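Accompanying notes for the structure given below.
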Amino acid sequence: MNSASLSRHPARNSAVIRRLLRDYVGRRWGLMALAILCMLVTSAISGLIPLIVNWEVKMIFLRKQAEMLLPLSLGVAGVVMLRAVTLFFGRMLLDSLAEKVVAAAQRDMFGRLIRRDLASLNAVHSGKFVSNFLYDATLMRDALTQGTAAVFLEAIQLVVYLAYVMISDWQLGALALITLPCVAWAMERLGGSMRRAATRGMRETGDLSVALSEAMDGRRIIKAYGLEQHSIDRVDSRLTSRLAVLLKAVRLRAAAAPLTDMFLGVVIGIVLFAAGWQSLHGDLTFNAFAGFLTALLLAQQPLRNLSQLWPTASAGIAAAHRIFEAIDEKPAIVNRPDAAALQVAANGGAVRFRNVGFAYHADAGPTLADVSLEVAAGRKVALVGPSGAGKSTVFNLLLRFYDADSGRIEIDGQDIQGVTLESLRAAIGVVTQEAILFDESIAENIALGKPGATPDEIQAAARGAAAHDFIMALPEGYDTRVGENGLKLSGGQRQRIAIARAMLRNAPILLLDEATSALDAESERQVQEALAHLMEGRTTIVIAHRLSTVVDADRIYVLDKGGVAQSGSHAELMAADGLYASLYRHNLESA
Ligand SMILES: Nc1ncnc2c1ncn2[C@@H]1O[C@H](COP(=O)(O)OP(=O)(O)O)[C@@H](O)[C@H]1O
Ligand SMILES: [Mg+2]
């Protein structure tokens, strides 16, 4: 959806505006009312300025009334100062309102984003999201402030000045009025190009953010492969094309006010001519003319501001539309209306897949077909098989990151589609290949496993995960910040913190997806030790890269091309001399 096509949908435009007013401005109507009041007062006061000029000329210059000199000078100073005060409060209140509206919309945007299901989150490029989040929001803010100011400040001031002009001399006023349609016409023409430039600018900003975030995320590869120049060139070309669009917008915006001035120049010329004619041949007084001219000149500023409204407003409406679209995105995986909390008995947590079928993309063939698995409570089961066989997909389905297309998945006899997502996920602990740490302290990272965990609980979990000793050796111990993505720690250390987190979570079911495959032999040994601790008393499903780590599993399922090819204990599978035996031999050779 771009703003050019939006502008052809006035109904949708007004729906976006109504929603913005209802959902965001409405809650802050007191602030809005105050801001509008200040702007109305400003506009009313503005009308006094030409009037005072008129009196000044009449009383001082024409009638030489010396006693009026001081009151009139004080009057004009007072009026202008008062107007400055109301203008300040009007703008300040309006801008604060707009910032609050933007922050509220951003809060909603992120709240909805993070609650979306994994499939739709995967489709969002993080860089683009950040750019929409920040850039679209500022466009919306500008439209809100300028739009409100345009209606209650600029337009009303214009009306006040024009009213003054019409009252003092309607014929001259009518001449001046012909400017408005000309300006409106020119601005509409300019607005069209401006809107297109603004929309392209938003897109370019999104592309630039993508290039930047990819460069930062890929920094290790960029360094290792010496790709700095490649990366600079990529960002450079984004910057160049964005600059071209921005410069076009700059030219258009810069043209708006001078273009208005040009029309106004013509009008002032005509009016001066007509006024001169009248004063030579008719009855126009000099003081009336002076007030008239002042009003005309003062009308220039609101007219200029109004001329910039249309492009800003349409870009803002397009941005608000996108923001609302993001807010309205509904997750596909939600609790059923009749969902109950998952009940897991003490020493429970049996997992069962019954003839499960699933495809990531309906048209690309099934990823899992007719998969049946059984994991008794408290037992350890391993999933092995070639890369791409569908092992991680089994975990994705058990966690309900995706819903199975057919078959049934049960935990302790309860269909996981019939239980709440919160209770389901609370029953499952996950350790993946790459530990995900946030740039907080180590203690906070571990505590994510259990909100409100005490320092003692955190330490106990870290000891269980064989992490306590290395944490204590860090300069600030548990208070050490781990850096972005935990980069200040080694892979094995990060993994042990993730294990401590899972330990604290104390979920009855544990999923380990190649938890040690990114580690060197020494780290792997330490992490295996931590994992052995973590597995005690839990139902565990292990996806293992190195088959030597799962020979002790109670049962091993061999997945191949989305189906269960074999299952049994290590000894049984070796005896069968099938896929497992060949994988195992291959594994030993490469180890
Ligand atoms: N999010 C996804 N979207 C689409 N296809 C996916 C997704 N994740 C995995 N796949 C595909 O599904 C198949 C099984 O993947 P996966 O379960 O990750 O395999 P494994 O863990 O056994 O290596 C692969 O062909 C993979 O390309
Ligand atoms: Mg996998």
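From a predicted model like this one, the values you see are computed outputs, not experimental measurements. Counting starts at 1 for both ligands and their atoms, following the listed order.
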| query | For atom 18 (O) of ligand 1, is the nearest protein heavy atom under 4.0 Å away? | reply |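 Flag for atom 18 (O) of ligand 1 set to true, protein heavy atom closer than 4.0 Å.
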
| request: Using protein heavy atoms only, decide if any is under 4.0 Å from atom 26 (C) of ligand 1. | output: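 Within 4.0 Å: no protein heavy atom nearby.
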
| Do the side-chain N and O atoms of Y402 and T393 include a donor-acceptor pair separated by under 3.5 angstrom? |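 No pair is found: no donor N or O on one side chain lies under 3.5 Å from an acceptor on the other.
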
Subset of ligand 1 atoms that lie under 4.0 Å from at least one heavy atom of [X]:
X	answer
Y402	1 (N)
S387	23 (O)
T367	12 (O), 13 (C), 14 (C)

| Which protein non-hydrogen atom lies closest to atom 10 (N) of ligand 1, naming both residue and atom, and how far is it? |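 Going atom by atom, the protein heavy atom closest to atom 10 (N) of ligand 1 ends up being Y360 CE1, 3.3 Å.
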
| request: Determine, considering heavy atoms only, which of V384, L383, N122, T393 sits nearest to atom 15 (O) of ligand 1. | output: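 Minimum heavy-atom distance to atom 15 (O) of ligand 1 goes to T393.
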
Do [X] and [Y] sit within salt-bridge range, that is, some charged N less than 4.0 Å from a carboxylate O?
X	Y	value
D469	R463	no
R354	E410	yes
R585	D577	yes

| query | Applying the side-chain contact (heavy atoms from CB on, under 4.5 Å) test to Q495, which of T432, L531, V431 qualifies? | reply |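 Single pass found, and it is V431.
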
| From CG (L579) to CD (Q566), nearest 0.5 Å |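 One gets 6.0 Å once the value is rounded to the nearest 0.5 Å.
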
| field | ligand 1 contact by G388, heavy-atom criterion under 4.0 angstrom | value |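 Within the 4.0 Å threshold, so yes.
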
| Below 2.8 Å, any N, O or S contact between T393 and the Mg ion (ligand 2)? |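 No, since none of the N, O or S atoms of T393 sits under 2.8 Å from the Mg ion (ligand 2).
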
| Got more than 12 heavy atoms from elsewhere within 6.0 Å of NE2, H125? |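 For H125, atom NE2 is crowded (more than 12 foreign heavy atoms under 6.0 Å).
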
